Participant: 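Just dropping this structure here.
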Protein chains: 2
Amino acid sequence: MPGNSTVLQQKSDCMTCSFRELCLPVGLTDEEIEYLGNLINYKFKVRRGEYLSHAGSDFKSLYAVKNGSFKTCVLKVDGRQQVTGFYMTGELLGLDAISPEKHTCDTVALVDSEVCEVPFKKLEEIGQNIPSLMSQLHKIMSREIVQDRGVMMLLGSMRAEERLAAFLLNLSTRLARRGYSPTDFILRATREDIGSYLGLKLETVSRSFSKLQEEGLITVNIKHITLHDVDKLNLRIGNSAD
Amino acid sequence: MPGNSTVLQQKSDCMTCSFRELCLPVGLTDEEIEYLGNLINYKFKVRRGEYLSHAGSDFKSLYAVKNGSFKTCVLKVDGRQQVTGFYMTGELLGLDAISPEKHTCDTVALVDSEVCEVPFKKLEEIGQNIPSLMSQLHKIMSREIVQDRGVMMLLGSMRAEERLAAFLLNLSTRLARRGYSPTDFILRATREDIGSYLGLKLETVSRSFSKLQEEGLITVNIKHITLHDVDKLNLRIGNSAD
DNA sequence: CGACTAATTGACTGTGTTCAATGAGTGTGG
DNA sequence: CCACACTCATTGAACACAGTCAATTAGTCG
């Protein structure tokens with residue numbers, strides 16, 4: 001049973017999951033998915049603000065976000081805290097914990113959410129017989145590395161407004177892949193969380209939102225964001241517009 | 001043949017490699033290492049300043065650093081460049097390329113170096129029969145994620161001197177694991193590379209070195225660094241001293 | 001030795017932080 | 001239903017840290 005999350009176990013089912021094309025089952029045959037489904041036995045509900053896992057706790061399972069949204073964050077002994085990632089539907093939580101066999105961060109639900117538990121040892125076991133499952137795991141881990149590199153780029157070489165633009169574009173892309181509007185969405189995180197993730201203070205995040213709005217690139221209504229010119233936003237952060 | 005590196009192919013041999021306890025063979029039986037050795041056929045020499053791989057090029061193999069030192073860096077269309085990582089003996093290059101199947105960064109030798117080529121498809125294949133090899137790969141990838149998270153922490157919430165202290169401590173730990181002095185070492189990277197990695201300008205890196213030296217925590221002699229008080233350095237970056 | 005590249009240091013500038021006040025939104029209880 | 005408390009967001013003014021520009025020194029390689 002993870003953290004202090006509300007446990008409401010229920011049989012999970014990859015076959016009927018509408019997000020299996022985003023998650024571990026990618027590239028598997030129906031038969032293989034059935035097999036994987038036997039591994040992924042349970043899904044949990046985690047209510048807004050509750051912890052799915054705590055830094056330092058033992059690692060046993062990965063968690064696939066079935067629906068909802070999470071942040072991961074690290075709290076250092078001197079009180080400094082930092083958000084290290086945001087996770088949405090179909091994304092895999094806990095990859096950082098594999099090597100130390102301890103969770104390295106707290107994982108908190110930003111909205112009422114559900115996760116599917118993936119016991120890691122068992123995943124490696126059945127992976128022996130399903131090559132494409134292993135491949136998919138490797139790709140997911142690689143993607144996590146690429147994503148983190150992107151954040152490093154952002155933190156290391158972008159100014160406040162650029163960081164925020166990059167963050168919004170990243171959300172936009174991920175939402176689009178899930179069938180949501182890439183230009184009109186609701187932020188789940190507070191200004192403080194966003195700031196922490198982007199290496200900025202919440203006031204700077206707020207000011208940057210206002211600046212981007214003044215420039216006509218976005219509209220901000222507290223948590224409701226509309227992107228007006230994705231190409232210009234991309235140019236702003238040093239990507240080609242295509 | 002990777003990048004424009006000097007190709008001097010030679011049979012590689014994990015069995016006799018003094019760094020196998022840091023690298024992919026960790027936890028494998030002699031028999032399994034023999035098997036792995038058949039996969040890792042060649043090692044390449046890459047001279048200082050030469051590229052092992054270029055961003056955008058096709059991904060076929062991981063490269064294990066046999067000896068020497070590398071940096072990975074990304075160059076954006078607008079000219080911004082950033083160093084995303086430093087790699088030393090026993091570490092695995094190219095994990096970011098698995099998912100996109102293209103290299104996402106340039107990999108450059110900081111000193112004359114050697115790498116062992118690990119064809120990735122084949123690695124996944126023989127991993128089917130050697131569970132501990134797959135586990136080790138997962139641990140290495142997970143460790144890369146943890147390492148990157150550390151850099152994100154650093155970039156997101158530390159000031160210049162703290163960043164530099166964290167960088168030096170990280171190097172120190174990795175060198176110690178390789179049997180080198182953790183308190184007395186030679187930097188392979190320039191101030192500019194270090195700055196790029198830490199999200200600072202080279203002048204700021206230089207000033208931070210001087211500050212830490214004035215405080216008596218380190219001695220700096222261009223590339224030769226001596227750490228005088230690892231505990232205090234750790235406290236400085238919000239780690240407990242133990 | 002001369003031509004490089006790399007590193008240090010100083011003076012000034014600018015971006016983001018800090019501190020503070022205000023406003024908007026939400027939930028609770030009288 | 002409204003008052004109150006609370007959290008979250010916005011905005012302003014002063015300040016600090018790192019960036020920029022520039023000059024100098026140290027080190028390296030042909």
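Naming convention: chains lettered A, B, ... in sequence-line order (proteins, then strands); numbering from 1 in each chain. Remember, it's a predicted structure, so these values are computed and weren't measured experimentally.
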Participant: Just how far, in rounded Å, is C1' of dT10(D) from NE2 of His224(A)?
Facilitator: 19 Å
Participant: Please tabulate the protein-to-nucleotide N/O contacts below 3.5 Å involving nucleotides 25-30 of chain D, giving atom names and distances.
Facilitator:
none

Participant: Using a cut-off of strictly less than 4.0 Å between a heavy atom of the residue and any atom of DNA chain C, enumerate the qualifying residues of residues 206-213 of chain B by number.
Facilitator: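 When residues 206-213 of chain B is checked for heavy atoms under 4.0 Å from DNA chain C, the hits, listed by number, are Ser206(B), Arg207(B), Ser210(B).
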Participant: Rounding to an integer number of Å, can you tell me how far Leu202(A) CG sits from dA21(C) C1'?
Facilitator: 14 Å
Participant: In whole Å, what is the span from the NZ atom of Lys201(A) to the P atom of dC19(C)?
Facilitator: 10 Å
Participant: Flag the pair Phe44(B) / Glu117(B) as yes when at least one side-chain heavy-atom distance between them is below 4.5 Å, and no otherwise.
Facilitator: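 Yes, side chains in contact.
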Participant: Side chains of Val115(A) and Lys66(A): does their closest heavy-atom pair fall under 4.5 Å?
Facilitator: no
Participant: May I ask you to list the residues of residues 157-167 of chain B, by number, that have any heavy atom positioned under 4.0 Å from an atom of DNA chain D?
Facilitator: Arg159(B), Ala160(B)
Participant: Whole angstroms only, please: what is the CZ-P distance between Arg188(B) and dA6(C)?
Facilitator: 16 Å
Participant: Has Thr204(A) got a side-chain atom pairing as donor or acceptor with Leu200(A)'s backbone, closer than 3.5 angstrom?
Facilitator: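 It does not hold such a pair.
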Participant: Would you tell me if any nitrogen or oxygen in the side chain of Thr204(B) comes within less than 4.0 Å of OP1 or OP2 on dG19(D)?
Facilitator: yes
Participant: Over all strands shown, is Gly195(B) touching base, sugar-phosphate only, or nothing at heavy-atom distances under 4.0 angstrom?
Facilitator: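 Counting heavy atoms under 4.0 Å across all strands, no contact is made by Gly195(B).
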Participant: If we only count heavy atoms from C-beta on, is the Pro182(B) to Leu175(B) side-chain gap below 4.5 Å?
Facilitator: no
Participant: Roughly how many Å is it from CD in Glu214(A) to C1' in dT11(D), rounded to a whole number?
Facilitator: 11 Å
Participant: Quiz question: by atom type and distance under 3.5 Å, do the side chains of Asp96(A) and His103(A) form a donor-acceptor pair?
Facilitator: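 Judged by distance alone, the side chains do not pair up.
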Participant: Would you say the base of dC21(D) and the side-chain of Glu203(B) have a donor-acceptor pair closer than 3.5 Å?
Facilitator: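 Between dC21(D) and Glu203(B), which were checked side chain against base, a qualifying N/O pair under 3.5 Å is present.
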Participant: Does one side chain, of Thr84(A) or Thr72(A), offer a donor that lies under 3.5 Å from an acceptor on the other?
Facilitator: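 Note: Thr84(A) and Thr72(A) side chains meet the donor-acceptor criterion.
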Participant: Just do the side chain to side chain contact (heavy atoms under 4.5 Å, CB included) check on Thr219(B) and Gln213(B) with the steps written out, would you?
Facilitator: CA-CA 5 Å; Thr219(B) 298; Gln213(B) 181 165 238; 3.7 Å; yes
Participant: So, Arg191(A) side chain and Ile222(A) main chain: donor-acceptor pair closer than 3.5 Å or not?
Facilitator: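 Yes, Arg191(A) side chain to Ile222(A) backbone: donor-acceptor pair under 3.5 Å.
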Participant: Would Lys71(B) and Asp193(B) count as a salt bridge (charged side-chain N to carboxylate O under 4.0 Å, His left out) if you check the C-alpha gap in whole Å, the side-chain angles of each, and the deciding distance to 0.1 Å?
Facilitator: CA-CA 8 Å; Lys71(B) 68 173 177 183; Asp193(B) 283 339; 3.0 Å; yes
Participant: Would you please indicate yes or no on a ring centroid separation below 6.0 angstrom for Phe86(B) and Phe167(B)?
Facilitator: yes
Participant: After noting the C-alpha distance and the side-chain angles of Gln82(B) and Ser196(B), does the key distance pass the side-chain hydrogen bond (donor to acceptor under 3.5 Å, both in side chains) rule?
Facilitator: CA-CA 5 Å; Gln82(B) 188 166 347; Ser196(B) 175; 5.6 Å; no
Participant: Between Glu162(A) and Arg236(A), does any NZ, NE, NH1 or NH2 come within less than 4.0 Å of an OD or OE carboxylate oxygen?
Facilitator: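 Answer for the salt bridge query: no.
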Participant: For dA6(C), does either OP1 or OP2 sit under 4.0 Å from a side-chain N or O belonging to Lys223(B)?
Facilitator: no
Participant: Measure the distance from CG on Leu198(B) to C1' on dA18(D) and round it to the nearest whole Å.
Facilitator: 13 Å
Participant: Looking only at side-chain atoms of Arg191(B), point me to the closest of dA18(D), dC8(D), dA7(C).
Facilitator: dA7(C)
Participant: Leu200(A) side chain: which of dT18(C), dG19(D), dG16(C) is closest?
Facilitator: dG16(C)
